[in-house]
There are 2 protein chains.
Amino acid sequence: MATTLKLIHEKGFKATTMRDIASNLNFEVANVYNYIDSKQSLLESFLDDISDEFHLSIDNIMASTYSPEEKLRSLISANIQLTASKPYEVALLMNDWRHLNGNKLKDFLKRRMDYENKVSSIITEGIKRKQFRKMDIEIATYSVLASLRWLYSKYTDRVTKLNPIEIEKQISDFIFAGIGRI
Amino acid sequence: MATTLKLIHEKGFKATTMRDIASNLNFEVANVYNYIDSKQSLLESFLDDISDEFHLSIDNIMASTYSPEEKLRSLISANIQLTASKPYEVALLMNDWRHLNGNKLKDFLKRRMDYENKVSSIITEGIKRKQFRKMDIEIATYSVLASLRWLYSKYTDRVTKLNPIEIEKQISDFIFAGIGRI
DNA sequence: GTCTATAATTCGATAGAC
DNA sequence: GTCTATCGAATTATAGAC
């Protein structure tokens, strides 16, 4: 299904037809339905899987005895490694969750908010312990997450991939120290 | 057309049908074609317009006698003001450019790369003048832009809007100083 | 400018043979 | 599991009356 994910990433979920998916797999359309229940369920299972991975990762970090700063570093590291290993899954998570329907969409948004709240709590605790400077929690949370969310495109969009170890150093430095002056 | 933009943002361009657009305007479908040539041209003109605004803004900054640090601050400020005043246009720019076709898509990507290269040149010059610390230019460029790109959602997704002046302070501080420790 | 009606195509999904 | 054939609904867009 890796080739299907790539296809969906390039055209977008809604613009990718079952015929596109079938021909990409060298199947006739009808045969695809021997592997999936519907186009919608394909999206749902992809999103559930990658979403689970992010949540499992952050839950382990939250349950650790790390300090807030260590938790944030660990979060950045885990996030980058997951993105580097599954860039197309991450791309789908970033771009196509809007096409979920009804309760699936509602649940997705609730879970995403849970994730963001966990990041917020790390930052809040870090400020309280004076490991981080005082700043608006909401802006800090979205800024940190945004600094990680663009990375998938460097793995989906070009041939020469970035070294995840060096990436982690550079992005961590940016998140902790910014461009350099204030 | 403001209400149309909002509709497209909520459902995504591909999932928004001409019938959706028509009923949103209290029209019958056929009548919408008295105002636009096609669904595709609607997307193209929206994207061209907002894209032009970003480019006009950065070109003025590039042509100024500001130092790299001043240029970056000015860029952040202009970017946030534009996002706060036209969040749905910015949302479309972030989310739906993929649905451009052929040469329109090619041109869009070329222009976007031009924009990113201008930001890169500011950062490169800033490092050379030791206004910014030494770091990977590409990562720095995407990190800075990512720190700005999430903001539209705080204007499209909720009732209580953030104060753009305070936002600018908080995001500037994050971009220049990060979370606080290294 | 706005409508009714409809053309022409494409879509997701299914039936049923092999 | 894979196919051919096809259904029924939805889609963009147009023709032409008012």
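In the text below, chain A, chain B and the rest are named by the order of the sequence lines, each starting its count at 1. Note: hydrogens, waters and symmetry copies are ignored here, and every other heavy atom, side chains too, is used. Note that this is a predicted model, so its numbers are computed, not measured.
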Legend entry - A:W97 six-ring centre to A:R112 NZ/CZ under 6.0 Å and within 45° of normal: yes

Legend entry - Closest to side chain of A:Y33, choosing from D:dC3, C:dA13, D:dA13: C:dA13

Legend entry - Nearest-angstrom distance from the residue atom CD1 of A:I36 to P of C:dG12: 10 Å

Legend entry - Which residue lies more 5' along DNA chain D, comparing B:S38 with A:N31 via nearest heavy atoms: A:N31

Legend entry - First encountered from the 5' end of DNA chain C, between B:A30 and A:V29: B:A30

Inset, instruction - Return the stems involving DNA chain D, sorted by first number, where pairs are Watson-Crick (N1-N3 with N6-O4 or O6-N4) or G-U wobble (N1-O2 and O6-N3), both under 3.5 Å, and runs are 3 or more long. - result: C:1-18 with D:1-18

Legend entry - Ring-face cation contact, B:F13 with B:K39, 6.0 Å cut, 45° max: yes

Inset, instruction - Flag the pair A:K6 and A:E89 as a salt bridge only when some basic side-chain nitrogen lies within less than 4.0 angstrom of an acidic carboxylate oxygen. - result: no

Legend entry - Sole residue of A:E10, A:H9, A:K11 in side chain to side chain contact (heavy atoms under 4.5 Å, CB included) with B:R98: A:H9

Legend entry - B:S74-B:E70 side chain donor-acceptor pair, cut-off 3.5 Å: no

Legend entry - Ring-face cation contact, A:F176 with A:R73, 6.0 Å cut, 45° max: yes

Legend entry - Residues from residues 13-23 of chain A lying under 4.0 Å of DNA chain C - heavy atoms: A:T16, A:T17, A:M18, A:R19

Legend entry - B:Y88 and its side chain to side chain contact (heavy atoms under 4.5 Å, CB included) partner, picked from B:L7, B:I8, B:L5: B:L5

Inset, instruction - Starting at atom NZ of A:K39, determine the distance to atom C1' of C:dC11, rounded to an integer number of angstrom. - result: 8 Å

Inset, instruction - Assess the side chains of A:N95 and A:Y152: does a donor N or O sit below 3.5 Å from an acceptor N or O? - result: yes

Inset, instruction - Calculate the interatomic distance between A:F27 atom CZ and D:dG1 atom P; express it in whole Å. - result: 10 Å

Inset, instruction - Grab the CG-C1' distance between A:N101 and C:dG12 for me, whole Å please. - result: 13 Å

